[in-house]
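Convention: sequence-line order gives letters A, B, ...; per-chain numbering from 1.
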2 protein chains.
Amino acid sequence: MKGIREADPSRRKLARATLSDVAKEAGVSVMTVSNFVRSKPVRVQTRKRVEEAIARLNYRPNVSARSLRLSEEYSVGIVIADSDPAFLNDPFISRLVSGLSNYLSSLDYTLDVQGVAPERFENATILNKVGNEALCAILCGPKALRKEQFANLTRLGQPIVVFQEVFQSTAPNVAVVSQDDLSGGKQLGQYLLKKRLRSVVFVRPALDWCALEQREKGLRGVFAAASPSIDVKTLIAPSERFDDVQQVVKDHLAKRTPDAIVAATDSMAAAALKACELSGIRVPKDLVIAGFNGFDVWRYTSPTMTTVVSPAYELGRHAGELLIQRLKTGAFSKRHVVLPVRLQVGESTG
Amino acid sequence: MKGIREADPSRRKLARATLSDVAKEAGVSVMTVSNFVRSKPVRVQTRKRVEEAIARLNYRPNVSARSLRLSEEYSVGIVIADSDPAFLNDPFISRLVSGLSNYLSSLDYTLDVQGVAPERFENATILNKVGNEALCAILCGPKALRKEQFANLTRLGQPIVVFQEVFQSTAPNVAVVSQDDLSGGKQLGQYLLKKRLRSVVFVRPALDWCALEQREKGLRGVFAAASPSIDVKTLIAPSERFDDVQQVVKDHLAKRTPDAIVAATDSMAAAALKACELSGIRVPKDLVIAGFNGFDVWRYTSPTMTTVVSPAYELGRHAGELLIQRLKTGAFSKRHVVLPVRLQVGESTG
DNA sequence: TTGAAAGCGTTACCAC
DNA sequence: GTGGTAACGCTTTCAA
């Protein structure tokens with residue numbers, strides 16, 4: 001009988017070569033093979049035989065068995081609450097996940113990705129299996145809901161990093177990683193202040209989203225401190241979808257033309273720009289526009305968009321570092337990390 | 001002694017409650033708990049005790065142990081070769097992965113995501129461990145390299161779906177899922193034919209990329225068949241980066257102005273549009289522009305972009321279905337799937 | 001340097 | 001309906 005058991009079509013998985021299959025094939029003991037696989041010293045002569053046997057049998061280690069034995073999973077999960085089924089499509093999220101994934105890969109960790117509708121967050125299967133040593137989460141939805149989800153995450157006991165949240169982590173297993181959206185709002189506000197504006201409209205989606213609050217707060221703070229006469233209005237679009245934003249801005253412009261529109265994200269700013277174009281309002285001549293994120297959208301518009309650049313990739317990478325360190329040392333080195341953002345001036349503000 | 005062992009900070013992971021911990025706590029056997037967890041019939045009375053014990057101990061099943069026992073991982077991996085570290089940032093990839101992830105989640109499967117530089121593909125850790133029942137892959141780079149990677153993937157023995165590849169799958173464990181880029185090129189060509197063009201420039205990155213070849217082939221085929229007098233040139237940008245494309249198009253426009261520019265993707269088309277703008281060429285009046293993908297970029301430009309819409313999300317979803325069916329039945333129902341694309345006319349072609 | 005045995009947490013199988 | 005036992009593939013421990 002050969003080392004590999006026959007494939008059984010009724011089984012889900014093809015039977016694969018195991019350590020002992022390789023051992024038999026190479027005429028050595030299991031431990032010798034195991035040592036070889038884990039780069040422990042093995043005599044050159046034996047080493048060669050093992051190497052050949054592995055190649056012949058196409059052996060690859062079974063991570064489940066290894067994990068079970070070591071109580072280490074070498075795997076991290078990320079749950080992303082988003083109302084869009086194409087949750088990775090958000091450039092903030094795609095960059096963040098890329099950064100996290102790359103850092104983990106460099107340490108031979110695996111990243112499990114799962115998106116979930118905000119209201120079904122608790123049902124995400126990734127939360128109900130112990131298969132990851134640690135978790136990351138991006139929450140979404142009304143504050144009360146998020147608070148509950150945050151509390152439930154804490155209760156899981158695993159090391160967890162939550163992105164872009166306002167809540168304080170009360171448990172030693174939870175850390176929060178954010179970008180400085182408050183400062184982003186301030187930076188943009190201070191820049192716009194120089195434009196001697198009298199009226200500003202802040203466009204945001206109806207969705208309760210923590211970063212947006214900070215952006216608006218920073219912006220309003222600057223204007224309020226500088227001059228009480230500047231009129232700052234908030235315009236709420238039914239969603240952050242292009243058409244919704246465009247419509248809401250268009251309707252507003254039909255009534256009056258402000259000096260500036262600041263949108264919660266660049267793509268919303270692009271929608272506002274389109275609305276201006278359709279309303280015959282020239283940007284930046286009649287009206288200036290700015291957004292947040294600084295990913296790619298700012299390049300595509302004409303004029304190019306003034307924006308506040310988000311360090312999304314670094315957010316993911318940073319979370320990875322924090323988590324791995326937590327796993328290695330048993331404690332988070334920091335429980336709250338805030339990365340800086342940076343204003344990038346484009347043509348849309350003159 | 002309590003059921004849960006003390007946490008040992010030197011260990012990577014907190015010790016968690018096991019089935020037998022719960023069994024002791026509830027005063028029943030391990031099997032009863034196991035049965036309960038897996039929704040097998042358990043007497044109501046016992047059921048309640050188990051339920052409480054689980055809650056008290058915060059028990060969650062250990063997937064490694066389960067996987068080991070069942071030889072089922074309930075996990076699929078995807079390797080994405082990309083020269084950009086923020087590999088998920090490509091909207092085609094982010095949609096594809098979202099579609100795959102959501103389908104798998106709905107069946108309680110997990111998705112492991114790993115990006116890798118094209119030349120380091122073989123080193124991707126996800127390929128060297130058995131921890132996924134099946135794999136998906138997006139290759140990238142010169143054809144010869146991709147062919148070798150394709151062959152190596154085949155050799156892994158796991159069920160595999162490769163996206164957007166030209167190679168025939170010779171092994172029963174490999175399927176290829178693509179979109180009909182050839183037809184996309186043709187559709188766009190046929191539409192442009194009505195514009196009575198005499199000269200067309202196709203802009204593409206230097207990178208060898210299988211979908212692009214098909215798009216160009218489809219496009220050229222239509223023009224060649226319709227009229228040998230139409231001049232079709234290919235303009236190669238050093239990369240698909242915005243600046244690179246913009247520069248290359250600008251340089252070309254300095255020499256001559258074609259009737260149409262077709263770019264390999266919408267973001268490249270946006271770069272071409274910007275180059276026209278800078279060169280004082282009016283779109284679509286002096287020159288028409290079109291791209292491929294139909295994700296979001298087409299909305300942001302002004303004029304909006306004519307494009308060929310890619311079913312990226314469905315590609316991912318379809319691969320998921322194929323893979324799960326393959327795992328269940330032991331054979332792929334189809335070894336080659338091609339999803340249709342669709343022309344979407346915007347303002348950039350008049 | 002190599003080998004034998006125990007055990008990680010779970011489930012299939014068979015008794016009761 | 002419930003419980004005991006063996007086994008999944010691996011690594012740690014201890015002996016040779």
Side-chain angles (χ1 to χ4, degrees), chain A residues 3-5 8 10-50 53-54 57-74 128-131 133, chain B residues 3-5 8 10-50 53-54 57-74 128-131 133:
Chain A
I4 301 187
R5 292 174 298 291
D8 172 357
S10 73
R11 297 292 288 160
R12 263 218 172 75
K13 216 183 113 182
L14 255 64
R16 305 204 72 97
T18 68
L19 275 189
S20 78
D21 294 327
V22 177
K24 267 183 217 137
E25 178 81 11
V28 298
S29 84
V30 201
M31 276 320 296
T32 305
V33 184
S34 173
N35 286 331
F36 171 81
V37 169
R38 288 173 299 143
S39 318
K40 305 270 175 189
V42 172
R43 199 177 294 164
V44 194
Q45 201 180 352
T46 334
R47 180 193 187 77
K48 178 137 196 183
R49 297 231 305 283
V50 174
I54 286 180
L57 265 43
N58 188 25
Y59 169 80
R60 280 174 302 147
N62 180 318
V63 286
S64 297
R66 175 177 284 168
S67 295
L68 178 57
R69 183 59 237 251
L70 299 176
S71 312
E72 292 171 356
E73 308 284 348
Y74 283 99
N128 298 311
K129 295 187 205 166
V130 178
E133 288 186 66
Chain B
I4 300 186
R5 292 174 299 290
D8 172 358
S10 73
R11 297 294 288 159
R12 262 216 172 77
K13 217 183 115 183
L14 253 63
R16 303 205 74 97
T18 70
L19 275 188
S20 79
D21 293 327
V22 177
K24 268 184 215 138
E25 178 81 10
V28 297
S29 84
V30 222
M31 277 318 297
T32 306
V33 184
S34 174
N35 286 330
F36 171 80
V37 169
R38 288 172 300 143
S39 317
K40 308 269 173 188
V42 173
R43 198 177 293 162
V44 194
Q45 201 179 350
T46 334
R47 181 193 186 75
K48 177 138 194 182
R49 296 231 305 283
V50 174
I54 286 180
L57 267 42
N58 188 27
Y59 168 81
R60 280 174 302 148
N62 180 319
V63 284
S64 296
R66 174 178 285 169
S67 294
L68 177 59
R69 184 58 239 248
L70 298 176
S71 313
E72 291 170 359
E73 307 285 347
Y74 281 98
N128 298 312
K129 295 186 204 167
V130 179
E133 289 185 64

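Between B:Leu19 atom CG and D:dG4 atom P the separation is 14 Å, expressed in whole Å. For A:Asn35 and D:dC10, the CG to C1' distance is 12 Å, given to the nearest whole Å. To the nearest angstrom, P of C:dT1 lies 16 Å from CZ of A:Arg49. In this structure, B:Lys129 places its NZ atom 18 Å from P of D:dG9, rounding to the nearest Å. In this entry the distance linking CZ of B:Arg69 with C1' of D:dT5 reads 11 Å, nearest Å. Regarding B:Asp21, its CG atom lies at a distance of 13 Å from the C1' atom of C:dT10, rounded to whole Å. B:Arg47 places its CZ atom 11 Å from the P atom of D:dG1, with the value rounded to the nearest Å. For the pair A:Leu57 CG and D:dG9 C1', the interatomic distance rounds to 15 Å; values are reported in whole Å.
OP1 or OP2 of C:dT2 has at least one side-chain nitrogen or oxygen of A:Thr46 nearer than 4.0 Å. For the pair A:Thr32 and C:dG3, the criterion of a side-chain N or O lying under 4.0 Å from OP1 or OP2 is met. Between C:dG9 and B:Thr18, no contact under 4.0 Å exists linking OP1 or OP2 to a side-chain N or O. At the phosphate of C:dT10, OP1 or OP2 sits under 4.0 Å from a side-chain N or O atom of B:Tyr59. Here B:Ser34 reaches the OP1 or OP2 of C:dT11: one of its side-chain N or O atoms lies under 4.0 Å away.
A donor-acceptor pair shorter than 3.5 Å can be found between the side chains of B:Ser64 and A:Glu73. When only modelled atom types and interatomic distance are considered, A:Asn35 and A:Thr32 share no side-chain donor-acceptor pair under 3.5 Å.
Contacts of B:Thr46 classified as side-chain hydrogen bond (donor to acceptor under 3.5 Å, both in side chains), with partners at least two apart in sequence or in another chain: none.
Residue contacts shown for B:Ser67 are absent, as no nucleic acid heavy atom lies under 4.0 Å away. Heavy atoms of B:Ser20 sit nowhere under 4.0 angstrom from any nucleic acid atom. Contacts of B:Val28 with the nucleic acid, taken as non-hydrogen atoms under 4.0 Å apart, involve only primed sugar atoms and P, OP1 or OP2.
A donor-acceptor pair under 3.5 Å is absent between the side-chain atoms of A:Ser34 and the main chain of A:Val30, judged by distance alone. A donor-acceptor pair under 3.5 Å links the side-chain atoms of A:Glu133 to the main chain of A:Tyr74, judged by distance alone.
Fit an axis to the five pairs at each end of the helix from C:dT1-D:dA16 to C:dC16-D:dG1 and the two axes sit 30° apart, to the nearest 10 degrees.
Checked by distance alone, B:Arg66 brings no side-chain donor or acceptor within 3.5 Å of a matching partner on the base of C:dT10.
Here the side chains of B:Val50 and B:Val28 are in contact, with some heavy-atom distance below 4.5 Å. A:Arg16 places a side-chain heavy atom less than 4.5 Å from the side chain of A:Asn58.
Judged by closest nucleotide on DNA chain D, B:Val42 is the one of B:Val42 and B:Leu68 placed further toward the 5' end. Residue whose closest nucleotide on DNA chain D sits further toward the 5' end, between B:Met31 and B:Ala65: B:Met31.
The side chain of B:Leu70 sits closest to C:dT11 out of C:dT1, D:dT12, C:dT11. Of the candidates D:dG1, C:dA12, D:dC8, the closest approach to any side-chain atom of B:Arg38 belongs to C:dA12.
When each of B:Arg49, B:Arg47, B:Met31 is checked for a side-chain contact (heavy atoms from CB on, under 4.5 Å) with B:Phe36, only B:Arg47 meets the rule.
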